[in-house]
Amino acid sequence: MNYLSTRGHPDRKRFCEILLEGLAPDGGLYLPEHYPRVDDATLTRWRGLAYADLAFEILSLYIDDIPPADLRALCHKTYTEAVFGTPQIVPLKPLEPGLSLQALSNGPTLAFKDMAMQLLGNLFEYELARRGEQLNILGATSGDTGSAAEYAMRGKQGVRVFMTSPHGRMSPFQQAQMFSLQDANIHNLAVEGVFDDCQDIVKAVSNDLDFKRRYRIGTVNSINWARLVAQVVYYFAGYLQATQSNDQKVSFTVPSGNFGNICAGHVARSMGLPIDRLVLATNENDVLDEFFRTGVYRVRGSADTHETSSPSMDISKASNFERFVFDLLGRDGARVKDLFGAQLPASGRFDLSADPAFARAASVFGFVSGKSTHADRLATIRDTHQRFGLTIDTHTADGLKVAREHQTPGVTMLVLETALPIKFAATIVEALGHEPERPARFKGIEDLPKRVQVVPADAAAVKAFIAAHCD
Ligand SMILES: *Cc1c(COP(=O)(O)O)cnc(C)c1O
């Protein structure tokens with residue numbers, strides 16, 4: 001399998017070449033040259049497989065530069081009951097006939113990002129050892145991504161993590177999750193500023209090409225194709241659990257921010273998985289809902305980006321969206337380059353409403369969308385608790401609210417559970433009047449010793465810290 005850029009660059013690359021890279025040289029995102037089709041007989045054969053074996057089957061369609069035995073071993077090392085809590089790894093939680101949650105949040109940091117990040121940690125360690133190289137991952141987090149990255153990379157050979165976060169602004173639980181890690185290769189940097197300052201620092205350090213090369217700086221952000229392809233697996237696993245035969249269709253509702261998760265659903269559907277609708281749910285930051293309703297993609301400034309009670313969906317632009325637009329426009333790299341490389345930077349928007357391709361988002365690609373607000377979130381958390389005795393997190397609540405607006409008779413709807421409620425306890429207390437349940441392994445983590453360095457909001461200070469901690 002070869003990979004190309006969404007902006008039409010002529011180069012083609014293999015999986016392990018793009019694994020440790022960010023953007024393509026022309027600023028585009030990498031995608032496979034085609035989506036392999038999974039036929040009926042293959043899907044039937046996959047019905048009996050354990051999650052790790054299913055992961056191997058799907059990943060090997062996209063990764064042909066790691067020997068199969070090694071790739072299978074990496075899948076088995078990653079997707080274990082010990083790490084993900086159940087033998088099914090992503091079990092369904094039925095709510096009512098035709099409506100279930102798919103549990104994706106029982107990994108080490110209690111959010112679905114572990115599903116991909118745990119594999120990425122093992123792939124990085126494998127590939128770096130093979131090359132005899134080291135990598136220093138520099139990131140910025142407001143919560144979920146940073147902790148998922150640290151738990152995936154802790155103790156890994158050849159990798160160090162330098163994670164910046166806004167000092168004092170993450171929830172006490174999220175701070176405890178990250179700062180209690182004592183692994184020598186994990187470094188927490190609490191920046192005296194807001195999340196945007198952290199992102200600016202990461203950009204400034206990455207733009208210093210000498211420093212970047214000298215200290216082998218890399219990232220683990222959501223545009224990484226390896227993260228996306230790992231997520232394709234749980235759409236197959238959800239479908240196979242929800243159906244008895246391949247003539248049945250399933251819809252998925254996906255609480256969305258950067259469009260990574262639902263883009264994996266789009267890839268699964270493009271491979272022939274019988275998905276009816278891909279339902280995209282946003283919170284008050286509705287840039288994607290607006291696009292799927294109107295055909296206008298209008299990114300927001302930081303003043304127009306709301307701080308909500310489903311904070312992992314608080315985005316101003318969706319970094320993976322370019323991948324879908326590339327497919328929507330018949331893989332026309334020149335047009336994507338114009339939209340994302342020229343129109344968007346110049347005017348903050350582009351408009352496909354008059355383009356015949358736009359109607360295909362729903363009619364051919366199955367996308368519909370909806371939006372959920374703080375009041376909806378509270379009502380959905382209360383209702384789910386009352387009727388099913390189940391406490392759901394704020395992002396999953398956004399998904400469930402929108403899922404109910406798009407159910408069709410005879411088609412099972414799976415709502416992806418993207419985090420557990422303990423991560424967002426304050427809103428659960430607001431909705432239910434009591435704290436959510438806390439998994440036993442997280443009891444008392446706020447009291448553990450913390451390993452964190454407070455630094456000023458200054459790229460030079462972060463560079464100095466990195467230099468002092470690399471040999
Ligand atoms: C990251 C995240 C999302 C958004 O996922 P995308 O892949 O960015 O669309 C939704 N919910 C939770 C809990 C998350 O951590």
Side-chain angles (χ1 to χ4, degrees), residues 1-6 12-16 18-19 29-66 68 71-72 75 90 102 115-116 119 225-252 254 259-280 320 322-333 336 357 359-368 411-412 414 416:
M1 178 64 78
N2 286 318
Y3 291 85
L4 45 67
S5 163
T6 51
R12 296 292 179 269
K13 296 205 169 163
R14 306 286 294 281
F15 177 83
C16 289
I18 64 169
L19 173 64
L29 306 187
Y30 286 112
L31 273 179
E33 272 188 320
H34 69 278
Y35 300 119
R37 293 290 295 185
V38 174
D39 63 20
D40 191 60
T42 305
L43 195 57
T44 300
R45 187 165 57 77
W46 287 357
R47 282 190 175 274
L49 294 184
Y51 192 89
D53 291 313
L54 181 65
F56 168 72
E57 295 290 339
I58 294 168
L59 294 176
S60 52
L61 300 174
Y62 292 98
I63 305 174
D64 52 15
D65 51 353
I66 295 177
L71 185 59
R72 190 185 285 279
C75 291
V90 290
Q102 186 178 354
M115 294 302 307
L119 180 74
W225 167 255
R227 277 181 68 179
L228 209 137
V229 74
Q231 296 177 328
V232 172
V233 178
Y234 55 69
Y235 285 87
F236 280 84
Y239 175 84
L240 293 172
Q241 290 179 82
T243 59
Q244 285 78 46
S245 62
N246 305 344
D247 55 356
Q248 295 171 286
K249 285 204 164 191
V250 168
S251 293
F252 287 88
V254 188
F259 205 82
N261 198 350
I262 201 163
C263 193
H266 160 66
V267 172
R269 196 174 181 279
S270 302
M271 293 169 72
L273 186 66
I275 295 175
D276 186 33
R277 300 249 162 246
L278 287 165
V279 183
L280 182 145
N320 274 290
E322 182 170 333
R323 288 193 160 107
F324 174 69
V325 172
F326 182 65
D327 286 342
L328 182 68
L329 298 177
R331 302 203 134 199
D332 182 341
V336 170
R360 291 162 49 90
S363 65
V364 175
F365 293 97
F367 273 83
V368 290
V411 180
T412 295
L414 298 183
L416 299 187

Taken to the nearest 0.5 Å, the spacing of Ile262 CD1 from Phe324 CZ works out to 9.0 Å
Side chain proximity check, Tyr62 to Val267, heavy atoms < 4.5 angstrom:
yes
List the steps, then state whether side-chain contact (heavy atoms from CB on, under 4.5 Å) holds for Arg323 with Phe259.
CA-CA 9 Å; Arg323 288 193 160 107; Phe259 205 82; over 6 Å; no
Any Thr412 side-chain heavy atom under 4.5 Å of Thr243 side chain:
no
Asp332: partners by salt bridge (Lys or Arg N to Asp or Glu O under 4.0 Å), with sequence neighbours left out:
none
If you round to the nearest 0.5 Å, how far is CD of Gln102 from CG of Leu414?
6.0 Å
Side chain to side chain donor-acceptor pair (under 3.5 Å) pairs, two or more places apart, involving residues 233-242:
Tyr234-Asn261, Tyr235-Asn261
Just jot down the salt bridge (Lys or Arg N to Asp or Glu O under 4.0 Å) partners of Lys249, sequence neighbours excluded, or say none.
none
Heavy-atom side-chain contact between Asn246 and Arg47 under 4.5 Å
yes
Those residues at least two apart in sequence (or on a different chain) that pass salt bridge (Lys or Arg N to Asp or Glu O under 4.0 Å) with Asp53 are Arg72
Contacts of Trp46 that satisfy ring-ring contact (aromatic ring centres under 6.0 Å, His included) - sequence neighbours left out
Phe236
Could you report the tightest heavy-atom contact between Pro274 and Gln248, atom names first, then the distance?
CB-O, 3.7 Å
Please report the C-alpha distance between Phe365 and Leu278 in whole Å, then the side-chain angles of each, then the deciding distance to 0.1 Å, and finally whether the side-chain contact (heavy atoms from CB on, under 4.5 Å) criterion is met.
CA-CA 8 Å; Phe365 293 97; Leu278 287 165; over 6 Å; no
Any residue meeting salt bridge (Lys or Arg N to Asp or Glu O under 4.0 Å) with Arg360, in chain and number order, not counting sequence neighbours:
none
Contacts of Ser60 that satisfy side-chain hydrogen bond (donor to acceptor under 3.5 Å, both in side chains) - sequence neighbours left out:
none
Here the gap from Ile58 atom CD1 to Leu49 atom CG, rounded to the nearest 0.5 Å, amounts to 9.0 Å
Minimal heavy-atom distance between Pro68 and Phe56, with the atoms involved, is O-CE1, 3.3 Å
Between Ala268 and Ile275, what is the shortest heavy-atom contact and its length?
CB-CD1, 4.3 Å
Holding to ring-ring contact (aromatic ring centres under 6.0 Å, His included), I want the full list of residues that pass it with Tyr35, two or more places apart in sequence or in another chain.
none
State whether the side chain of Glu57 and the backbone N or O of Leu54 hold a donor-acceptor pair below 3.5 Å, judged by distance alone.
no
Salt bridge (Lys or Arg N to Asp or Glu O under 4.0 Å): which pairs involve residues 266-278, sequence neighbours left out?
none
To the nearest 0.5 Å, how far apart are CG in Asp65 and NZ in Lys13?
12.5 Å
In Å, rounded to the nearest 0.5 Å, how long is the span from CG of Asn320 to NE2 of His266?
11.0 Å
Kindly give the heavy-atom pair with the smallest separation between Leu329 and Ala357, and that separation in Å.
CD2-CB, 3.9 Å
Test side-chain contact (heavy atoms from CB on, under 4.5 Å) applied to Arg45 and Thr42, step by step:
CA-CA 5 Å; Arg45 187 165 57 77; Thr42 305; 3.8 Å; yes
If you look at every heavy atom in Leu43 and Val38, which pair is closest and at what distance?
N-CG1, 4.1 Å
Measure the OG-CG distance between Ser270 and Leu31 for me, rounded to the nearest 0.5 Å.
10.0 Å
Which residues satisfy the ring-ring contact (aromatic ring centres under 6.0 Å, His included) test with Tyr51, sequence neighbours excluded?
Tyr79
Please identify each residue that fulfils ring-ring contact (aromatic ring centres under 6.0 Å, His included) with Phe15, with sequence neighbours left out.
none
All side-chain contact (heavy atoms from CB on, under 4.5 Å) counterparts of Arg12, not counting sequence neighbours:
Asn2, Leu4, Glu33
Which heavy atom of Cys75 sits nearest a heavy atom of Leu59, and at what distance?
SG-CD1, 3.7 Å
